[in-house]
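Everything below concerns the one structure shown next.
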Amino acid sequence: MKLWVVSMECAGIAEAGGVKNVTYSICKEFAELKHSVTLFMPVFKCTSFKDLEEKIPEVKEAADSAEEKELSAQVTLCGKKEEVTYKQYLSKNGAFDVVLINHPLFAEKEAIYTYTAAEEELDSTHTKGTGHKDALFLDTLFQKAVCAYGSLIPRSDIPDVLHCQDASTAVLPAYIAESKAFKKTTSLVTIHNAGPFYHHEFTSIGESAWYTGLATELLEDSLNGTSVEPFLIAANSGAHLTTVSEHYAEELVEPANMQLTDGLSYIFAKKNIPIKGITNGFDYERYNPTDKNCSKLPFEYDPEKGDFEGKLKCRKFFVQNIVNTNNYDTDGIKKYGRLDCSTEYTKEIFIAYHGRVTSQKGISVLTESIPYILGNFPDVRFILAGQGETFLENDIIELTKKYPGKITFMNGYNQSVVRLVTAVSDFVVLPSFFEPCGLEDFIAQAFGTVPVAHKTGGLNKITEKTGFLYDSNTAGSLTAKLSEVIMLKELRPSVMTKIIKAGASSVHHEYLWKNVIQKKYIPFLKEILKKSRI
């Protein structure tokens, strides 16, 4: 089949959250199964071209000059014409096509969704970590540009399936439904996160009409209170909705989860909108700890076989060269705190957190729990890594001052550093209030690190054989569960080794993206394509 994947981000090109990994893996695995795949993305200031090879575009009519061969289109947005240009590339690693969409407003953004510290220095109103003020304009421009591309290419290149990733691309099915070029195209929208602040909603019918130009009837049918929801626009335009785990699909159609979904779950249930849950796969080869070219770790080891010598070497390296000194490239990271350890680094128990430092991720639960754990277990060391909400970052920084030698905070992002954070630890703690799928538990298990997580959404894929879950997301519940696993490691290390092996094997085999594509996605796509052609 011909598949177009539309996303704001993709691993290796422009990265922000977990969407990047899903986007890359879907493109790569479908392409390797000999399907025709094209990825559409905007060009941001942070876009990397190192894994892309430029292609010469195919246009409907021959052009006389190289300049004329550049594909461009004008789209109507907010009462005026905006010109966008397109450049075609081939992914070196995945063998799928990539179409990058250029416009000055994208090019000036240093990150995909939020302002950076450098942007705040230039303009104090662009507060670090907050969303772009023109986000709705950018979303709409991107989606209209993808739709316009269909009129520039041969009809034979129009896709069978249009796969949109998350709310920033969820209005696109409404545009293609009005386009003659896409009459035979079936739309699919994957909900990666329906929590508050992730909806990319329009504040009113008037605002949504001004940006989108869509019919008032459609917009009225897509209301959530006074806001117009992209996911509802998609469903009302005939798109099929999926999400990133079976458990999260159940949560999204449960009316009682109104608060966690900012009202969407009640509407999904009331309108009987079906949502297909397909748990994200895991691209094991990007993290394989037996090959340091893949893992980006300084030493190799094999958790599936109980070989942890390289893991311990990574721990020593991390503490000695990154945490306590500056003998390693930590570009993008601001460090707080140090770690005091025994000579062989075997006495201590390391507990890590890596991810966005936001309220959704339960950071406040973790920071409240840490003093109790350190008060009862003097050999525990905490490593936290990530960036996000300033007040939560400050809470972590204060803990590094209050407990010197026991907590370090890697504030920011550096791929090699954050991978080490997970790899050197015994446990990774995931106290999210809601978590659609979860990637950090997969990465931890691949690295032989045991996840301890709040029982919610996609984190329910952790079983008693591969990790630990706790029910109520309070500091007391987390403290009790962490105390339990610390004692288990100290008193019954063979049980913990068994859990580590099971978790590593699970992500290496059961959750491979190739298996997810073949066993879940392809049957589902065949089913919806068959229905659309009846």
Side-chain angles (χ1 to χ4, degrees), residues 1-15 19-44 47-49 51-60 69-73 75 84-103 106 112 141-166 168-173 175-177 179-190 239-240 242 513 517 521-522 525 528-529 532:
M1 70 184 79
K2 289 186 177 65
L3 174 68
W4 282 11
V5 179
V6 184
S7 179
M8 284 286 188
E9 53 179 302
C10 179
I13 302 176
E15 304 184 348
V19 177
K20 67 180 183 295
N21 301 291
V22 176
T23 299
Y24 174 79
S25 295
I26 285 176
C27 292
K28 172 177 174 287
E29 297 300 338
F30 269 101
E32 289 186 356
L33 291 170
K34 307 305 180 184
H35 298 282
S36 173
V37 180
T38 303
L39 167 65
F40 288 81
M41 292 180 62
V43 177
F44 298 97
T47 297
S48 170
F49 297 88
D51 291 332
L52 300 174
E53 294 178 354
E54 189 170 351
K55 292 178 64 178
I56 298 175
E58 295 181 10
V59 295
K60 287 183 176 179
K69 287 184 179 179
E70 182 177 67
L71 293 177
S72 64
V75 298
V84 294
T85 60
Y86 309 86
K87 276 205 172 182
Q88 299 177 358
Y89 297 84
L90 180 68
S91 167
K92 292 179 182 178
N93 298 327
F96 53 87
D97 290 329
V98 180
V99 175
L100 295 183
I101 296 173
N102 297 277
H103 187 277
F106 289 118
I112 298 170
L141 178 62
F142 176 40
Q143 293 170 95
K144 287 194 172 188
V146 174
C147 185
Y149 188 79
S151 64
L152 304 176
I153 60 175
R155 185 173 297 177
S156 59
D157 290 340
I158 296 295
D160 301 299
V161 176
L162 177 79
H163 191 181
C164 304
Q165 306 298 325
D166 227 5
S168 58
T169 63
V171 181
L172 182 53
Y175 300 138
I176 74 160
S179 171
K180 294 180 181 179
F182 295 93
K183 285 191 293 186
K184 295 184 178 180
T185 298
T186 296
S187 295
L188 182 70
V189 174
T190 293
H240 300 268
T242 69
W513 262 114
I517 297 295
Y521 267 104
I522 289 180
L525 293 182
I528 63 176
L529 283 170
S532 70

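Closest non-hydrogen pair, A11 versus N21, comes out as CB-OD1, 4.3 Å. Of all non-hydrogen atoms in G12 and D51, the two that sit nearest each other are O-OD2, 4.1 Å. Taking every heavy atom of both residues into account, L152 and A73 meet most closely at CD1-CB, 4.3 Å. The nearest pair of heavy atoms linking T23 to C10 is CG2-CB, 3.9 Å. When all heavy atoms of V189 and P173 are compared, the pair lying nearest together is CG2-CG, 3.7 Å.
The closest donor-acceptor contact from the side chain of T47 to the backbone of V43 lies at 3.5 Å or more, if one exists at all. With hydrogens and angles disregarded, no donor-acceptor distance shorter than 3.5 Å links the side chain of H103 to the backbone of V84.
Checked by atom type, the side-chain pair H163/T190 shows a donor-acceptor distance below 3.5 Å.
The closest side-chain heavy-atom distance from P159 to L3 is not below 4.5 Å. For the pair T169 and S7, the minimum side-chain heavy-atom distance is 4.5 Å or more. Inter-residue side-chain proximity for V5 and L162 is flagged as unmet; no heavy-atom pair is nearer than 4.5 Å. Counting only heavy atoms from C-beta outward, the side chains of V98 and T38 never approach each other to under 4.5 Å.
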Do K2 and I158 pass the side-chain contact (heavy atoms from CB on, under 4.5 Å) test, and can you show the C-alpha distance, the side-chain angles, and the key distance before you say yes or no?
-> CA-CA 7 Å; K2 289 186 177 65; I158 296 295; over 6 Å; no

side-chain contact (heavy atoms from CB on, under 4.5 Å) between S187 and L172, worked out | CA-CA 9 Å; S187 295; L172 182 53; over 6 Å; no

Let me see the working for D97 and K55 under salt bridge (Lys or Arg N to Asp or Glu O under 4.0 Å), right down to the final yes or no.
-> CA-CA 9 Å; D97 290 329; K55 292 178 64 178; 2.9 Å; yes

Test side-chain contact (heavy atoms from CB on, under 4.5 Å) on L39 and V99 and set out the steps.
-> CA-CA 6 Å; L39 167 65; V99 175; over 6 Å; no

Would you sort out whether T185 and V161 count as a side-chain contact (heavy atoms from CB on, under 4.5 Å), showing the intermediate values?
-> CA-CA 6 Å; T185 298; V161 176; 6.0 Å; no

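Between W4 and F182, the ring planes are perpendicular. Angles over 60° get that label, and only those under 30° would be called parallel. The aromatic rings of F44 and F106 sit perpendicular, their planes meeting at an angle over 60°, well past the 30° parallel limit.
The structure places CD of E9 at 8.0 Å from CD of E15, a figure rounded to the nearest 0.5 Å. Rounded to the nearest 0.5 angstrom, T85 OG1 and N102 CG are separated by 4.0 Å. Taking CE from M8 and CE from M41, the interatomic distance works out to 9.5 Å, rounded to the nearest 0.5 Å. Here the OG atom belonging to S25 is positioned 10.0 Å from the CD atom belonging to E32, to the nearest 0.5 angstrom. To the nearest 0.5 Å, the span separating OG on S168 from CD1 on I112 amounts to 9.5 Å. How far SG of C164 is from CD of Q143: 7.0 Å, rounded to the nearest 0.5 Å.
In summary, D160 and K184 do not engage in a salt bridge, as defined by a charged side-chain N under 4.0 Å from a carboxylate O.
None of Y149, Y89, F142, F96 except one satisfies the ring pair (Phe, Tyr, Trp, His ring centres under 6.0 Å) rule with F40; the exception is Y149. Considering L100, L52, L71 in turn, L71 is the only one that fulfils the side-chain contact (heavy atoms from CB on, under 4.5 Å) rule with Q88.
A centroid separation of 6.0 Å or more is found between the aromatic rings of F30 and W513.
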